Number of protein chains: 2
Amino acid sequence: MLSPKNIERLSLYRRILTELKQDGSEFVYSSRLAELSGGNAAQVRRDLMATGYSGNPKLGYSINELILSIDDTLGKSKCCSAILVGVGNLGKALLAYFKNQGAGPAIKGIVDCDKSKIGKKFSGYLCYSIDEIPTLIEETSSRVAILCLPKNEVQEVANKLIKAGIKGFMNFAPIHLDIPDNIFVDYIDMAVSAEKVAYFACRINKNK
Amino acid sequence: MLSPKNIERLSLYRRILTELKQDGSEFVYSSRLAELSGGNAAQVRRDLMATGYSGNPKLGYSINELILSIDDTLGKSKCCSAILVGVGNLGKALLAYFKNQGAGPAIKGIVDCDKSKIGKKFSGYLCYSIDEIPTLIEETSSRVAILCLPKNEVQEVANKLIKAGIKGFMNFAPIHLDIPDNIFVDYIDMAVSAEKVAYFACRINKNK
DNA sequence: ACAGTATTGTGAAATAAATAACAGCTACGA
DNA sequence: TCGTAGCTGTTATTTATTTCACAATACTGT
């Protein structure tokens with residue numbers, strides 16, 4: 001029912017709300033949330049509507065209550081653990097990144113194909129082999145996998161992960177995964193992103 | 001005229017085409033490109049149309065010529081250099097990532113706020129201070145900046161970068177930048193992305 | 001040389017997403 | 001207590017994007 005974009009924005013709003021709360025605010029207007037999130041006030045109201053929470057026509061939204069309501073909507077993601085596959089440069093950076101990260105799924109285990117890494121610890125996590133995936137996933141009850149493998153290894157590993165119960169991927173490898181369409185994949189393609197930025201940076205774009 | 005999404009897909013197609021070429025193929029059909037990119041054949045044809053190149057109704061597209069045509073369309077991004085700001089875990093990982101990366105803007109210099117990093121080398125790049133930004137940008141003729149700073153430092157640094165001539169950002173910091181709208185920003189928010197994946201992974205989504 | 005066939009290029013239709021517009025509320029000040 | 005200003009909730013509109021559908025096309029095999 002909610003689209004990926006709705007979910008993204010709700011997650012974003014919650015982060016902003018949490019900061020506003022820390023700054024001591026109690027209420028916030030949709031227009032302010034729009035400013036802080038880079039969106040439009042009408043869209044903010046629409047997104048928030050989807051959580052079932054109603055604001056006050058004079059005061060705006062209660063920050064506390066709104067956070068709870070978004071929590072409730074996204075809620076199930078909290079109980080959702082992740083494993084990280086591929087402990088190269090990027091994998092290590094992501095481990096550190098998500099370790100200091102409150103929201104979203106927590107990384108519960110790491111895996112690599114490289115035999116030399118198996119049994120070693122990274123950011124406090126013991127690295128397991130590909131063959132141990134089913135055990136690791138069962139023990140951590142993970143449903144999400146973060147893929148930071150070289151592109152020629154990803155498809156095969158993804159297949160194993162799906163067999164072991166993974167339902168969603170963040171895929172940093174620059175390749176499209178051929179998988180059943182009840183599995184969710186978010187492609188994060190930094191080369192493509194960089195090229196896009198360069199393209200628009202290198203035109204004189206008067207407005208927009 | 002071309003939207004960010006068009007550009008993304010063109011960049012993606014080019015990568016796929018380059019691989020097909022290495023595998024020895026000479027021609028490719030839109031349907032095959034759609035399969036490999038995770039899209040739809042009509043959309044592929046539409047995107048390719050925008051490059052001005054015409055395929056052959058029986059053979060499909062000449063891989064060589066198509067690559068050249070996409071090169072030409074995205075072309076200006078090649079002559080576009082980038083600087084990376086913030087050499088933390090993520091910054092270092094991205095340095096390594098883009099070093100082995102043919103397409104898109106090449107990283108030409110790095111900058112950090114942390115005094116202890118200035119003057120040190122990372123992946124072969126000497127780290128400069130914030131104050132040296134104008135010089136660095138001029139010397140490298142960079143128009144793109146990759147932002148891997150903590151969120152409380154980003155806005156200020158972004159302002160300085162814009163003053164020094166930067167026209168496009170890849171922003172990994174989880175905050176919306178308040179900047180003129182002739183500056184392009186691509187927000188890469190991994191916490192939000194992770195939460196989105198968790199959300200969809202944790203629902204039994206029959207199809208889609 | 002020509003019929004057959006599978007693909008391209010592209011207008012039209014469908015779908016999705018963002019924005020605008022405004023009625024209905026609710027706190028607040030007089 | 002009542003009028004008012006300014007916000008929310010939500011419908012309507014617009015805009016953007018994707019998909020469909022099919023005529024035009026160019027190679028292949030005979």
Side-chain angles (χ1 to χ4, degrees), chain A residues 1-13 17 20 25-66 69-70 73 176 181 184 187 192 196 200 205 207-208, chain B residues 1-13 17 20 25-66 69-70 73 176 181 184 187 192 196 200 205 207-208:
Chain A
M1 177 210 157
L2 285 179
S3 77
K5 292 198 175 182
N6 286 140
I7 300 299
E8 283 182 10
R9 286 193 298 260
L10 285 176
S11 172
L12 187 55
Y13 300 150
L17 290 165
L20 288 172
S25 305
E26 260 196 89
F27 289 88
V28 68
Y29 296 131
S30 62
S31 57
R32 178 75 182 134
L33 265 179
E35 230 176 274
L36 293 170
S37 67
N40 168 295
Q43 187 169 65
V44 169
R45 293 200 295 275
R46 221 134 204 286
D47 287 333
L48 297 185
M49 221 169 67
T51 72
Y53 180 65
S54 276
N56 178 307
K58 196 67 187 181
L59 302 175
Y61 298 89
S62 152
I63 291 177
N64 267 322
E65 290 179 19
L66 189 46
S69 184
I70 296 178
T73 302
H176 177 78
D181 64 359
F184 185 88
Y187 292 92
V192 163
K196 179 179 56 179
F200 288 104
N205 38 354
N207 54 355
K208 211 228 142 176
Chain B
M1 178 209 158
L2 285 178
S3 77
K5 290 196 177 181
N6 287 140
I7 300 298
E8 283 181 9
R9 286 192 298 259
L10 285 175
S11 171
L12 187 55
Y13 300 151
L17 290 165
L20 288 172
S25 305
E26 259 195 90
F27 289 88
V28 68
Y29 296 131
S30 61
S31 58
R32 178 75 182 132
L33 266 179
E35 228 176 275
L36 293 170
S37 67
N40 167 293
Q43 187 169 64
V44 170
R45 294 200 294 276
R46 217 151 240 279
D47 287 333
L48 298 184
M49 220 170 65
T51 72
Y53 180 65
S54 275
N56 178 307
K58 196 65 189 181
L59 302 175
Y61 298 89
S62 152
I63 291 177
N64 268 320
E65 292 179 19
L66 190 46
S69 184
I70 296 178
T73 303
H176 177 76
D181 64 358
F184 185 86
Y187 292 91
V192 162
K196 179 179 56 181
F200 288 104
N205 37 354
N207 53 355
K208 210 229 144 178

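In this text, all values refer to a predicted model and were calculated from it rather than measured experimentally. Every chain is numbered from 1 and lettered A, B, ... according to where its sequence line falls, protein lines coming before strand lines. Atom set for the values below is all heavy atoms of this structure, side chains included, hydrogens, waters and symmetry mates excluded.
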> Nearest to the side chain of B/R9, which nucleotide is it out of C/dG9, D/dT8, D/dT18?
Replying inline: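 Closest nucleotide to the B/R9 side chain: D/dT18.
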
>> Of the options D/dG9, C/dT7, C/dT19, whose atoms approach the side-chain atoms of B/Y29 most closely?
In response: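 Nearest to the side chain of B/Y29 among the choices is C/dT7.
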
Please give, in whole Å, the distance from [N] [atom2] to [X] [atom1]?
{"X": "B/D47", "N": "D/dT18", "atom1": "CG", "atom2": "C1'", "value": "10 Å"}
{"X": "B/N40", "N": "C/dA14", "atom1": "CG", "atom2": "P", "value": "16 Å"}
{"X": "A/Y53", "N": "D/dG9", "atom1": "OH", "atom2": "P", "value": "9 Å"}
{"X": "B/K5", "N": "C/dA16", "atom1": "NZ", "atom2": "P", "value": "13 Å"}
{"X": "B/M1", "N": "D/dT17", "atom1": "CE", "atom2": "C1'", "value": "15 Å"}
{"X": "B/Q43", "N": "C/dG9", "atom1": "CD", "atom2": "P", "value": "15 Å"}
{"X": "B/Y61", "N": "D/dA26", "atom1": "OH", "atom2": "P", "value": "14 Å"}

> Rounded to the nearest 0.5 Å, how far apart are CD1 of B/I70 and CG of B/L48?
Replying inline: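 Taking CD1 in B/I70 and CG in B/L48, the distance rounds to 6.0 Å.
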
> Taking atom CZ of A/R9 and atom NZ of B/K196, what is their separation to the nearest 0.5 Å?
Replying inline: 11.0 Å

> With respect to the phosphate group of C/dT8, does any side-chain polar atom (N or O) of B/S54 fall under 4.0 Å of OP1 or OP2?
Replying inline: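 No.
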
> Are any of A/S3's side-chain N or O atoms less than 4.0 Å away from OP1 or OP2 of C/dA16?
Replying inline: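 So the side-chain polar atoms of A/S3 never come under 4.0 Å of the phosphate oxygens OP1 or OP2 of C/dA16.
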
>> Looking at B/T73 and B/S69, would you say the former's side chain and the latter's main chain have a donor-acceptor pair under 3.5 Å?
In response: yes

> Is there a donor-acceptor contact under 3.5 Å from the side chain of A/S37 to the main chain of A/L33?
Replying inline: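 Confirmed, A/S37 side chain pairs with A/L33 backbone.
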
>> For a quick check, with a 4.0 angstrom heavy-atom cut-off, what is the B/S/- contact string for nucleotides 21-28 of chain C, read 5' to 3'?
In response: B--BBBS-

>> Any carboxylate oxygen within less than 4.0 angstrom of a Lys/Arg side-chain nitrogen, looking at B/R32 and B/E35?
In response: yes

>> Is it the case that D/dT19 (base atoms only) and B/R46 (side chain only) share a donor and an acceptor within less than 3.5 Å, ignoring hydrogens and angles?
In response: yes

>> Students often get this wrong, so: under 4.0 angstrom with heavy atoms, is A/S31 touching a base, only sugar-phosphate, or nothing?
In response: nothing

>> Test side chain to side chain contact (heavy atoms under 4.5 Å, CB included) on B/L12 and B/L36; report intermediate values, then the result.
In response: CA-CA 10 Å; B/L12 187 55; B/L36 293 170; over 6 Å; no

> Residues in ring pair (Phe, Tyr, Trp, His ring centres under 6.0 Å) with B/Y53, at least two apart?
Replying inline: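 Checked B/Y53 against ring pair (Phe, Tyr, Trp, His ring centres under 6.0 Å); zero matches.
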
